[in-house]
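Data first, discussion second: the structure below is written as structure tokens.
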Protein chains: 2
Amino acid sequence: MDAVDAVGYQPSQLARGLRLDKTNMIGMIIPDVTNPFFPAVVRGAEDVAFANGYRLILCNTDNDHSKEIVHLNELRTFLPSGLIVIPSNFSDLTAQAESYRKSGTAVVCVDRLPKGWDGDTVTADNEKGAYEATSYVLRQGHRQLAMVMGPRHLTNAQDRLAGFKRALHEKKIPIGPEYIQEASFDQHGGYAKTMLLLRMIPRPTVIFAANDMIAFGALLAFREAGLHCPEDISLIGFDNLQFAEMTSPPLSSVSQPGFQMGTSAAQILIDRVRGDDGPAKHLVLETALKIRDSVAPPSLISAQKSPSSRRNRLSK
Amino acid sequence: MDAVDAVGYQPSQLARGLRLDKTNMIGMIIPDVTNPFFPAVVRGAEDVAFANGYRLILCNTDNDHSKEIVHLNELRTFLPSGLIVIPSNFSDLTAQAESYRKSGTAVVCVDRLPKGWDGDTVTADNEKGAYEATSYVLRQGHRQLAMVMGPRHLTNAQDRLAGFKRALHEKKIPIGPEYIQEASFDQHGGYAKTMLLLRMIPRPTVIFAANDMIAFGALLAFREAGLHCPEDISLIGFDNLQFAEMTSPPLSSVSQPGFQMGTSAAQILIDRVRGDDGPAKHLVLETALKIRDSVAPPSLISAQKSPSSRRNRLSK
DNA sequence: TTGTAGGCGTTATCAC
DNA sequence: GTGATAACGCCTACAA
């Protein structure tokens, strides 16, 4: 052992993996690190992976399921201990994971679920989070709501829509289908669909954005339309990104524990690798409504009608 | 070959690496994916790595050089083709890389340089970027400047400070040392040091934040102090993060090509792996000043003195 | 308890 | 050119 230290010997993970039919690597497949929600998940996963001697191979799919398949196939040749994946749109993960599991590689799905998935999952309670946000907005007195929802085929988008509808239904508030617009989970989608909503009559008094990037786009649209938030129109988001408190006004948003989603996923994965072969786990993490300044009672609109026009120096 | 297709055979990267003394993996060591500048670099690197058949192992150091050493040592056991590293504070990379290169593993340094580094580098032209931002601010008529610089021992922070000073020197504008405050590259540091600067007499008419996170913190400090930007005080940042246009007011900032830093680093690395053994490369990428609404001529301060107090409804 | 041979999947080399 | 074989570093199983 002294000699080991003296020489600085470290076992080759390569040879080790070859012999054991399994490496200490974990494949992490996500849509895009550049999208501000995902880095937290990655970081969470890396932290517990690292603490347990595992390393992360990072793969971006751009939500393209064919790119996802390529990664899934390539990763196999590294004999990873497991895979943590945030599935792409129309993901084929369910089929692929079958063969992975057969070879003893654990797979856990995070944030959204591919069709037919029956393995381990870690998600946020999207339905409840959206329900609470919507209920809050209703308590503020809003009756003319609108939602810019995410891509219709993503389960997290579906769940947020469901929560939104449940809150409305509970209070027997009707909503026309044209007040629910579908957008990609980004600023551009939020901007475009908000522009549409702003032209509707009656104009919604509040917009629920299915994530914060959409909300940021909505804010841009408000500016361009010369509307002041929250005096003229209210807005609420989902994700509670670090930047939600930096916008003008600071954005009220449903907080989602991205970091913890990463740590939990990695923990479940590592438990599996160590022999846990119980039934599929479905961890659902709590969301929390972060109230800031982007929602005001609609009654204020008339009360503040004059002040709201006081300042239209909008950028650009 | 038909049989290969039929069976879906894929060579084991593990066995391949063992035999060839080199895998198709690239170790990417960064401070923290969660810090909004780095994901772009990671993504750029992943894109060209992937296109060339390489995979990325992602490691976060939290700017802790001892954690960096651990990663550096562990990565060795994977026989990676190369390393792309954004060095931590007080990085020991120079010494470590020596032994890596001896075993034929290329190492390229990105964004900032460790002490004594003489290998390949990819950086932004921090000095020039800062010089241009400062010159712009001076052209707007500011004479009482302040800077919240980054950590004094990081080369990119040093270079930005140098550019700032050069512009001042050129116009023979004096500046007291107390108007240059050192902060960590994050929101909290920016907030605290801006608070300090706001109490100085005379109060600076503009603050140059060494990166956008610091600038966001400064914006928070402005709010809390009841100051309106840019009417009461101007602000300029560095990085041009995606969110710079979402703040209130939209932040003027020096744009830095993070994505391209990643692609270039990966490209240089791959060239090395493929046999390029020319002298060390030092790629310096151009910055660009993005002018938005956070800088106004200081003369407006008196002109708008009354309107500036019109609205102090500050969040929180 | 301590020591050793075999094989994981490649590729490079050497013999034919 | 074609085809067999050794070796990369490790772990396990089995022998002493």
Side-chain angles (χ1 to χ4, degrees), chain A residues 1-27 49-50 52-57 59 69-83 96 99-107 269-277, chain B residues 1-27 49-50 52-57 59 69-83 96 98-107 269-270 272-277:
Chain A
M1 275 305 159
D2 294 342
V4 168
D5 272 6
V7 181
Y9 166 82
Q10 285 181 280
S12 157
Q13 294 299 335
L14 248 39
R16 200 152 198 281
L18 188 59
R19 181 61 237 260
L20 299 181
D21 248 38
K22 176 168 306 230
T23 64
N24 64 342
M25 289 181 262
I26 293 177
F50 179 69
N52 287 275
Y54 292 87
R55 300 290 168 266
L56 237 50
I57 300 186
C59 306
I69 290 182
V70 172
H71 277 124
L72 247 16
N73 282 333
E74 298 251 358
L75 278 175
R76 209 178 306 246
T77 68
F78 289 110
L79 305 181
S81 281
L83 256 40
Q96 295 265 338
S99 90
Y100 262 107
R101 264 186 257 144
K102 228 167 262 168
S103 65
T105 303
V107 183
L269 192 66
I270 290 170
D271 290 347
R272 291 297 188 194
V273 173
R274 301 211 170 129
D276 174 358
D277 56 357
Chain B
M1 275 304 161
D2 294 342
V4 168
D5 272 5
V7 181
Y9 166 83
Q10 285 182 281
S12 157
Q13 295 298 336
L14 247 39
R16 200 152 198 280
L18 187 59
R19 183 63 238 256
L20 299 182
D21 249 38
K22 176 167 305 230
T23 64
N24 64 341
M25 290 180 263
I26 292 177
F50 179 69
N52 287 274
Y54 291 88
R55 299 292 166 264
L56 236 50
I57 300 187
C59 306
I69 289 182
V70 173
H71 278 125
L72 247 15
N73 281 332
E74 298 252 356
L75 278 175
R76 209 178 306 249
T77 67
F78 289 109
L79 304 181
S81 283
L83 255 41
Q96 294 266 338
E98 189 64 26
S99 90
Y100 262 106
R101 264 185 256 144
K102 228 168 260 168
S103 65
T105 303
V107 183
L269 191 66
I270 291 170
R272 291 297 188 192
V273 174
R274 300 213 170 126
D276 174 358
D277 56 356

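Chain letters run A, B, ... following the sequence lines, proteins first and then strands; every chain starts at 1.
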Closest heavy-atom contact between [X] and [Y]?
| X | Y | answer |
| --- | --- | --- |
| A/Leu75 | A/Cys59 | CD1-SG, 4.2 Å |
| B/Ala49 | B/Leu56 | CB-CD1, 4.1 Å |
| A/Asn24 | A/Ser81 | CA-OG, 4.3 Å |
| A/Tyr54 | A/Met25 | CD2-N, 4.4 Å |

Sort me out a list of protein N/O and nucleotides 4-9 of chain C N/O pairs below 3.5 Å, or just none if empty.
from: C/dG6; atom 1: N2; to: A/Arg19; atom 2: NH1; distance (Å): 2.9

### Task
Report yes or no: does B/Lys22 contribute a side-chain atom to a donor-acceptor pair with the main-chain N or O of B/Arg16 at less than 3.5 Å?
no
Just by distance, do the side chain of A/Thr23 and the backbone of A/Leu79 share a donor-acceptor pair under 3.5 Å? yes
- prompt: Does the side chain of A/Arg274 reach to within under 4.5 Å of the side chain of A/Leu269, using non-hydrogen atoms?
  reply: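 No - every pair of side-chain heavy atoms lies 4.5 Å or more apart.
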What is the distance, rounded to the nearest whole Å, between atom [atom1] of [X] and atom [atom2] of [N]?
| X | N | atom1 | atom2 | value |
| --- | --- | --- | --- | --- |
| B/Gln13 | C/dT10 | CD | P | 9 Å |
| A/Leu79 | D/dC10 | CG | C1' | 14 Å |
| A/Lys22 | D/dG9 | NZ | C1' | 20 Å |
| A/Asn24 | D/dC10 | CG | P | 13 Å |

Report task. Would you kindly check if the NZ (Lys) or CZ (Arg) of A/Arg76 is within the cone defined by 45 degrees around the ring axis of A/Tyr100 and under 6.0 Å from the six-membered ring centre? Result -> yes
For this session: Using a 4.0 Å heavy-atom cut-off across all strands, classify B/Leu20 as base, sugar-phosphate, or nothing.
Result: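 Sugar-phosphate, backbone atoms only, no base.
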Taking five pairs at each terminus, the helix from C/dT1-D/dA16 to C/dC16-D/dG1 shows an axis bend, to 10°, of 60°
